Amino acid sequence: MKEGALMNQIETGKFIAECRKEKKLTQAQLAEKLNITDRAISKWETGRSMPDSSIMLELCSLLNISVNELLTGGKIDMSDMDKYKENAENNLISLLHNRKKLFIIRLMGWGLIVCGIIIFLTFPAILNLNVMQEIVMRVMGILIFVCGNIAIYFYAKYQKVD
């Protein structure tokens, strides 16, 4: 783990796997204790996703680590409180930054969906268009609508635990 490193999913995943193995737990056993699937544990340990904040405390309790250690991706020397505080602040900033990005993606997705519907339904009716222009306008509305749905899909996929 790098000194003062911000939250890194791959490092965190390796750390979860290491702690789980120290406790002599399989992925399935840990998943059962957390009421999630072993697939979710596998995604964490390979760095493809992070544990949901709603189960972080329980996960840390089961692995006998702090949330700060979980987010940092390694054991933290408690004797150096300045470094511990810096890691905690960096982890909090990183979490807030990730949530902000997700919120923006979700907002953009819904905005695209609304724009696509408006373009599809109203522009051809309001503007005096010939048949070809109307078809092009409706296709553009559909494409924008689909882009919004894709953004919402990826937002929902990232938010899922398993």
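Computed from a predicted structure; not experimentally measured.
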* To do: Run the numbers on Asp38 and Gln29 for side-chain contact (heavy atoms from CB on, under 4.5 Å), then give the verdict.
  => CA-CA 8 Å; Asp38 55 341; Gln29 289 169 329; over 6 Å; no

* Start with the C-alpha gap between Ser54 and Asp52, add the side-chain angles, then the distance that decides, and say whether side chain to side chain donor-acceptor pair (under 3.5 Å) holds. => CA-CA 5 Å; Ser54 64; Asp52 188 71; 2.4 Å; yes

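Distance CD1/Ile152 to CD1/Ile105: 9.5 Å, rounded to 0.5 Å. Atoms CD1 and OG1, from Ile41 and Thr46 in turn, are 11.0 Å apart once rounded to the nearest 0.5 Å. To the nearest 0.5 Å, atom CD of residue Glu22 and atom CD1 of residue Ile65 are 9.5 Å apart. Rounding to the nearest 0.5 Å gives a distance of 9.0 Å between CD of Glu69 and CG of Asn64. A distance of 9.0 Å separates CG in Leu62 from NZ in Lys23, rounded to the nearest 0.5 Å. In this structure, the separation between CG on Leu59 and NZ on Lys33 is 12.0 Å, given to the nearest 0.5 Å.
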List, one per line, each side-chain donor-acceptor pair under 3.5 Å for residues 141-151, sequence neighbours excluded.
unit_1 : atom_1 : unit_2 : atom_2 : d
Asn149 : ND2    : Phe145 : O      : 3.0

Please list every donor-acceptor pair under 3.5 Å in which a side-chain atom of residues 119-131 meets a protein atom from a residue at least two apart or in another chain.
unit_1 : atom_1 : unit_2 : atom_2 : d
Thr122 : OG1    : Ile118 : O      : 2.5
Asn130 : OD1    : Met132 : N      : 3.1
Asn130 : OD1    : Gln133 : N      : 2.8

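Cluster annotation: Ile113 is not connected to Met140 through the hydrophobic network of ILVMFWY side chains, with a link wherever side-chain heavy atoms come within less than 4.5 Å. Residue Leu25 is grouped with residue Leu57 when hydrophobic side chains (ILVMFWY) are merged at heavy-atom distances under 4.5 angstrom, including chains of intermediate members.
The backbone N or O of Gly47 lies less than 3.5 Å from a partner atom in the side chain of Gln9, making a donor-acceptor pair.
Applying the salt bridge (charged side-chain N to carboxylate O under 4.0 Å, His left out) rule to pairs touching residues 102-114 yields nothing, sequence neighbours excluded. Within the structure, salt bridge (charged side-chain N to carboxylate O under 4.0 Å, His left out) pairs that include any residue of residues 116-144 comprise Glu134-Arg138 (at least two apart or interchain).
Residues satisfying the side chain to side chain donor-acceptor pair (under 3.5 Å) criterion with Gln27, sequence neighbours excluded, are Glu45. Evaluation of the side chain to side chain donor-acceptor pair (under 3.5 Å) rule for Ser61 yields no partner, not counting sequence neighbours.
Among all heavy-atom pairs drawn from Pro51 and Ile16, the shortest one is CG-CD1, 3.9 Å.
Annotation: Met137, atom CE; neighbour count of heavy atoms from other residues, nucleotides and ligands within 6.0 Å is above 12.
You'll find the side chain of Trp44 stays beyond 4.5 Å of the side chain of Thr12, heavy atoms only.
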